[in-house]
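Since we're looking at a predicted model, the values are computed, not measured. Indexing begins at 1, ligand by ligand and atom by atom, following the structure's order.
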Amino acid sequence: MASPGQQETDAADHLFLSQAYSRLRQTVASHDGSASPHPTALAHGFSALSATAPTNDILPPSGLGRDTTITHLLSTIVPGLNGQALSSRYYGFVTGGILSVAEAADNIVSALDQNVQVHLPAHSLSTAVEDTALSMLISLLDLGPPSHWPGRTITTGATASNIMGLACGREAIIASRLGEKSSNITIAEDGLLAACHAAGIREFQVLTSMGHSSLSKAASIVGLGHRAVKELAVSEEEPWRLDLDAVERQLAREGVASIIAVSAGEVNTGRFALNALDMPKLRSLADRYGAWIHVDGAFGIFARALPKTDEFLHLHANVAGMELADSITADGHKLLNVPYDAGIFLCRDASIVTQVFQNPNAAYLASSSSNSPGPVILSPLNVGLQNSRRFRALPIYAVLLSEGRAGMETMLVRMVKLAREVARFIRDSEQYEWLPSEEASLESTHIVVLFRAKDAGLNEVLVERINETRKLYVSGTAWRGQKAARIAVSSWKVDVERDLAVIKDVLLSLAAGGS
Ligand SMILES: *Cc1c(COP(=O)(O)O)cnc(C)c1O
């Protein structure tokens with residue numbers, strides 16, 4: 001039994017946390033809906049940060065105490081954050097928002113400091129919840145039975161999942177080449193150099209079309225290098241589309257091992273590398289030449305969860321056949337609207353995953369061999385980059401349980417509809433140009449709209465001017481060497497009519513010379 005002193009401390013903690021949380025909710029409730037912080041709030045925050053550091057020693061000699069600290073966070077720091085979850089018109093990057101059930105679940109994770117590390121079914125449900133959440137997600141994305149993806153895990157995001165995809169790809173390719181020589185050399189045991197040498201591989205390449213920048217980072221981390229990533233675009237007009245003939249020519253090179261990285265949702269244009277029937281072709285090429293197919297579907301793979309109605313057939317064709325991939329990346333903190341940071345990795349070969357990510361020789365971390373009900377669950381420490389890690393699965397589980405297939409569909413449809421209405425407005429406007437091509441069908445639009453102002457002067461400052469209004473926030477990018485603006489719709493908060501009206505208003509008034 002806890003001592004009376006302990007109970008007092010617990011009661012004080014409880015009171016502090018309830019008050020801090022209700023003050024946070026008040027702060028959030030009084031947010032004015034702006035899509036970015038006021039410049040004064042930023043300036044105030046920066047000066048407060050430097051004011052706490054009058055000397056080089058920035059650590060306060062005695063602490064401010066938790067109440068004063070929370071007041072500081074809520075009144076000085078929070079107003080200077082971009083708080084993308086608070087506005088339905090934050091269209092920068094692809095950040096997603098956060099569904100309230102996900103936020104509540106994430107607070108449960110914090111309250112319990114829940115870890116997921118070793119599958120210990122006699123002691124914790126956490127690994128079973130994670131596995132259930134992953135199975136629900138596989139069902140949402142219509143990727144076949146969960147048993148099709150036995151090497152599955154929650155990651156910190158798409159970058160981590162891409163690292164896992166390339167790491168598994170290189171291991172599997174070497175294993176299959178060395179398998180023929182019945183050698184027991186692996187990258188996991190012997191390293192990349194020795195394994196490539198034994199397998200007669202002199203080069204590794206990653207074949208893609210407009211692969212996300214994190215793919216190059218992943219290539220560096222797993223020892224292949226940035227230059228291993230090769231762009232094989234169909235044409236200059238459609239650089240996001242993968243040229244299957246060029247892929248075949250690359251696969252046929254002697255002594256070269258290849259990972260094919262499919263961009264299922266390219267982050268700049270929002271377009272897709274493949275069309276219907278491409279995936280089966282790619283699969284047979286990969287099988288013929290012993291290549292690995294990794295799909296980077298960070299946000300785009302969620303097109304598979306849209307209704308199969310006429311208006312989404314184009315997108316369904318873009319993401320058809322993804323179940324034929326060897327591994328898949330998806331993000332949780334983007335379209336799924338769970339909090340940062342959460343990603344998903346799915347792999348069809350569990351033994352390759354555990355070969356690469358085995359945390360060897362740690363007897364104290366051995367899984368219990370209990371006969372728990374349900375599927376075989378691999379200990380998370382042997383299927384991912386981290387050993388101990390946050391219980392990120394709980395918000396994902398909560399969202400999928402709370403929304404179900406229908407709720408997810410409705411949310412995703414809302415995002416696509418707004419993006420298409422914005423694309424239509426831009427395409428039909430005198431002052432703006434819809435990129436990459438005004439001839440494209442609106443149905444090729446998923447959640448990203450790329451555009452620029454026709455007036456070169458306005459285009460030069462367009463992104464800055466839009467963001468200064470604080471009514472919406474867009475990302476600056478470039479298309480064919482010219483500046484461009486990009487809207488990425490990814491929050492559950494989107495309201496098509498209301499938000500479209502604000503976007504039109506801002507763009508028209510900027511074009512008319514207002515601000
Ligand atoms: C966002 C994104 C990534 C990187 O995702 P993080 O979650 O930020 O690590 C990778 N690939 C694609 C296609 C993306 O859109």
task: Please verify whether a non-hydrogen atom of Gly343 lies at under 4.0 Å from ligand 1.
output: no
task: Could you tell me whether ligand 1 has any atom less than 4.0 Å away from a heavy atom of Asp331?
output: yes
message: Could you work out, with side chain to side chain donor-acceptor pair (under 3.5 Å) as the rule, every residue matching Gln482, not counting sequence neighbours?
response: Arg452
task: For Asp243, enumerate each residue passing the side chain to side chain donor-acceptor pair (under 3.5 Å) test, keeping only those at least two apart in sequence or located in another chain.
output: none
field: Heavy-atom nearest option to atom 4 (C) of ligand 1, drawn from His333, His212, Lys217
entry: His212
Numbering as shown, the atoms of ligand 1 that approach [X] to under 4.0 Å (heavy-atom distance):
X	result
Phe299	15 (O)
Ala298	2 (C), 11 (N), 12 (C), 13 (C), 14 (C), 15 (O)
Gly265	13 (C)

- request: Describe, in one word, how the ring planes of His446 and Phe272 are oriented to each other, choosing from parallel (under 30°), tilted (30 to 60°) and perpendicular (over 60°).
  value: tilted
- prompt: Taking the six-membered ring for Trp, are Phe451 and Tyr432 parallel (under 30°), tilted (30 to 60°) or perpendicular (over 60°)?
  reply: perpendicular
query: Around atom CZ of Phe46, are there more than 12 heavy atoms of other residues, nucleotides or ligands at under 6.0 Å?
result: no
Quick one: look up the protein heavy atom nearest [atom] and list residue, atom name and how far away it is.
atom	value
atom 15 (O) of ligand 1	Lys334 NZ, 2.9 Å
atom 11 (N) of ligand 1	Asp296 OD2, 2.7 Å
atom 5 (O) of ligand 1	Ala158 CB, 3.1 Å
atom 9 (O) of ligand 1	Thr159 OG1, 2.5 Å

task: Consider every N or O of Ala160 and every N or O of ligand 1, then say whether any pair is closer than 3.5 Å.
output: no
Under-4.0 Å salt bridge between Arg283 and Asp326: yes
query: Does Ser235 offer a backbone N or O that forms a donor-acceptor pair with the side chain of Arg241 under 3.5 Å?
result: no
query: So, Arg348 side chain and Leu324 main chain: donor-acceptor pair closer than 3.5 Å or not?
result: yes
